[in-house]
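Please read the structure below before turning to the comments.
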Amino acid sequence: MSVRVRFAPSPTGLLHVGALRTVLYDYLLAKKQGGQCILRIEDTDRSRYNAESENEFVETLRWVGIAFDEGPHVGGIHAPYRQSERQEAGIYQKWIDELQAKGHAYKAFETSQELDEMREFQQVNKVPVGYFGGDWRDADQSKVDAAIAEGKPFVVRMRIPRNKKIVVQDAIRGRIEFDSNNLPDPVLLKADGMPTYHFAAMVDDHLMEITHVLRGEEWLPSFPIHWLLFEMFGWEPPVFVHCSVIVGKDGKKLSKRHGATRVLDYMAQGYLKSALKNFIALIGWSPGSDEEKFNEEELIARFDISGLQESPGRFDIDKLNWLNGDRIRSFTPAQVLQEIEALHAEPHTHHFWDNFEDEETLPNQPKRDGKEIWRKFDHLVQEAKVRRNYVLQCIKEEQERVTNLIEFGEACEFFLVEEPPMDSKGVEKWLKHEHVPELLQFIKSNFGNEPMTPELMKAKVIEFQESKGIEKFGVIVNPIRVAMTGKTSGPGLFELMSVLGPERIAKRAERALDLIS
Ligand code: GLU
């Protein structure tokens, strides 16, 4: 049978990196095996369902480029793929009836007040908390019939066998044993007639012929319930794969402190989907070698469940930055610009920067201003519409230094404005030397008239330096850099000057001269 995997989110919030990893593994496994990847929306908890969240999932998956073979938006032979619609279609009823007929499930009529009292009693008496039978697990049929006749609301609970060792198989951890006496009888069907996750997911996994269930390790405690359900129905269980938790670099649970956890925020910050997928795939999966750079085809070719690790996967943002910068450098400037324009067109990008609050100011760095960051990024894109070739040259110069697409806005700004703001420390440190006025005059008269190659400019500047008997090249190039860019760091000086061209060079040299005169 061909591999069939499913991504089964409950749309109650944002799509975080943990879920992205699960769906990525689903996708890689299906692609590798020529199987199918299915999207199933688990929305039976109506109090928590959120339509915006479903959109968020769809948008994020569209952005990362994970397409499904079956699902609510593409259809398929097992439609519908939304559990609320499956419930309406009566798909679960038959199976809940069958479990009750086999004695594996029973109706329980406790009110929520009675359940609260039970819990309180258990807590006070320090006995295991949970529903281990209550009044209904072993109730006479006549008592049950009477409660039904009275119209009392009920849930259907699973009758977990007692005094039993439940042995399950996880693809990463192997055999795991659970003591059935520690498992309360879970609700399978709620009073509103909706199935719970435990029940709906397993019935659907069976009906949809899922061969591999990949999900987060947080589902391990419920795993014996799911395994037992397959046993009770006499169905062949799929291969269960519980992916390890993702922790920050400090080993603590991943949170905002370690960077964003919402996937769309990575997009908005200028990470490439290819770099993000490469990075995410390696959190908790090893390709069996030290290699770290993989494009999508390579990930598909190399991905294997046997490489998944039990120990927590570390989320190291420095590695993502490295992979992203590396990928940016591998592009042509035209490809980079295309990516920049696509990012600019994503509504979430502007929204993200408009609402950005810098929570991780770096030492000795001012807080980043999200609106300013967007303004410069937007400026770059607008400029590209009117002088594409010039912008492409600017991108080419900055490509070596930039780690994400958003940074191009700030990095290219000095190329694009007529009078770049002057860094006052840079002015103080470099423009106040005695030789600077003469140096700037030299720049203006030698490079301010016609275009020149970086090599020729450099040779001429060295000549100037030698003729003046100045020993350190730094006191030559740094004043020129401050005059040309307003900044103390940036791409290669002569290269950037060659891009700026004679007119801007002349104007900027003059402006710096005015500033110090
Ligand atoms: N609906 C569950 C969730 O969103 C899915 C868990 C599973 O994959 O089985 O966490």
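When a ligand or atom number is given, it counts from 1 through the structure's own listing order. From a predicted model like this one, the values you see are computed outputs, not experimental measurements. Heavy-atom basis, side chains included; hydrogens, waters and symmetry copies ignored.
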Pair S47-D45, side-chain donor/acceptor within less than 3.5 Å: yes

Note down each nitrogen or oxygen pair, ligand 1 side and protein side, whose separation is under 3.5 Å; give only atom names and the distance to 0.1 Å.
| unit_1 | atom_1 | unit_2 | atom_2 | d |
| --- | --- | --- | --- | --- |
| ligand 1 | 1 (N) | A8 | O | 2.8 |
| ligand 1 | 1 (N) | S10 | OG | 2.8 |
| ligand 1 | 1 (N) | E42 | OE1 | 2.6 |
| ligand 1 | 4 (O) | S10 | N | 3.0 |
| ligand 1 | 4 (O) | S10 | OG | 3.3 |
| ligand 1 | 8 (O) | R6 | NH1 | 2.8 |
| ligand 1 | 9 (O) | R6 | NH2 | 2.8 |
| ligand 1 | 9 (O) | Y197 | OH | 2.3 |

F57: ring-ring contact (aromatic ring centres under 6.0 Å, His included) partners, not counting sequence neighbours: none

Donor-acceptor pair, side chain of N278 and main chain of E292, under 3.5 angstrom: yes

Point-to-point distance, once rounded to the nearest 0.5 Å, from CD of Q382 to CZ of F377: 10.5 Å

Expected output: side-chain E110 to main-chain D135 donor-acceptor under 3.5 Å: yes

Partner of Y49 by side-chain hydrogen bond (donor to acceptor under 3.5 Å, both in side chains), out of R82, E54, Q83: E54

